[in-house]
Amino acid sequence: VLGVFGGVFAMQMLDPILNLILHVSTVLQSSDINLLTAIDLVRSLKKSLESMRNDGNGFKNIYKNTQQLCKENCITIPAVKKRKISSKIATANQHFMFIKEDEMRVNVYYQTLDQLVAGLNLKFYQEILKIIEFIGHLLRSEADINIFLLSSVYDLDAAETEIKKFIYLNNQQTYLKVTKQIMKSG
């Protein structure tokens, strides 16, 4: 059971997180978004969540706001829960929390952000994103710039051969279309 303090903390913690997710979700649902922009948005969300985890000031502000709301509404901030760590899991060096702020940072804030980032990594596997990104650039005829993107996933020689073949065939098709148009007009 979270309790009233835990509920206030969760509300303060989830507000910036859910605002980020809402923004990305709204843009991803628009009808005119392209695949490369979608990939950039997902990566940006992941970086923002990681940045929140690494930025100590973000958590301090959340905890400070939680304390203020609790004070204004006469909500008691509970003492740190002393948790016994299983001797099968723990080593001789056990770490106990002595401050409620540290307990909330480690047991709630970090775990929430870590689970969100892990979920994004699971849903948007990085190697697949690289392939999609490469294909998107290829369709935009930016193949020469992004050969290294594909080579990080596949053998460079094979990828380079396929890219050259694709570019050659694409150029041949364009040449044939232009030639046909010239012949029709002349």
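Every value quoted in this text rests on a predicted model; they were computed, and no experiment measured them. Keep in mind that the numbers below use all heavy atoms, side chains included, and drop hydrogens, waters and symmetry copies.
- In this view, D114 and R53 satisfy the salt bridge (Lys or Arg N to Asp or Glu O under 4.0 Å) rule, not counting sequence neighbours.
- Side chains of I39 and F124 form no contact here, defined as non-hydrogen atoms less than 4.5 Å apart.
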Using the rule given for side chain to side chain donor-acceptor pair (under 3.5 Å), can you reason through Q111 versus Q115, listing the C-alpha separation, both sets of side-chain angles and the distance that settles it, and then say yes or no? CA-CA 6 Å; Q111 285 187 18; Q115 287 179 1; 4.9 Å; no
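- Between the side chain of D55 and the main chain of N57, a donor-acceptor pair closer than 3.5 Å is present.
- Take R105 and apply the salt bridge (Lys or Arg N to Asp or Glu O under 4.0 Å) test, not counting sequence neighbours, and it matches E101, D102.
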For side chain to side chain donor-acceptor pair (under 3.5 Å), just list the numbers for T37 and D40, CA-CA rounded to whole Å, side-chain angles, deciding distance to a tenth of an Å, and then say yes or no. CA-CA 5 Å; T37 304; D40 287 342; 5.6 Å; no
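- Atom CD1 of residue I17 and atom CD1 of residue I21 lie 7.0 Å apart, to the nearest 0.5 angstrom.
- Between V80 and K100, the shortest heavy-atom contact is CG2-N, 3.2 Å.
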Please list every donor-acceptor pair under 3.5 Å in which a side-chain atom of residues 45-52 meets a protein atom from a residue at least two apart or in another chain.
unit_1, atom_1, unit_2, atom_2, d
K46, NZ, N121, OD1, 2.9
S48, OG, S44, O, 3.0

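- Between atom CG of residue N65 and atom CE of residue M11 there is a gap of 9.5 Å, rounded to the nearest 0.5 Å.
- Remark: Y110 OH to F59 CZ distance equals 8.0 Å, nearest 0.5 Å.
- The side-chain heavy atoms of L41 and I33, taken from C-beta on, include a pair separated by under 4.5 Å.
- For V108, the side-chain contact (heavy atoms from CB on, under 4.5 Å) partners are F9, M13, M104, T112, not counting sequence neighbours.
- Once rounded to the nearest 0.5 Å, the distance linking CD1 of I62 with CG of D15 reads 8.5 Å.
- Q29 pairs by the side-chain contact (heavy atoms from CB on, under 4.5 Å) definition with S25, not counting sequence neighbours.
- Taking S30 as the reference, D32 meet the side-chain hydrogen bond (donor to acceptor under 3.5 Å, both in side chains) condition, with sequence neighbours excluded.
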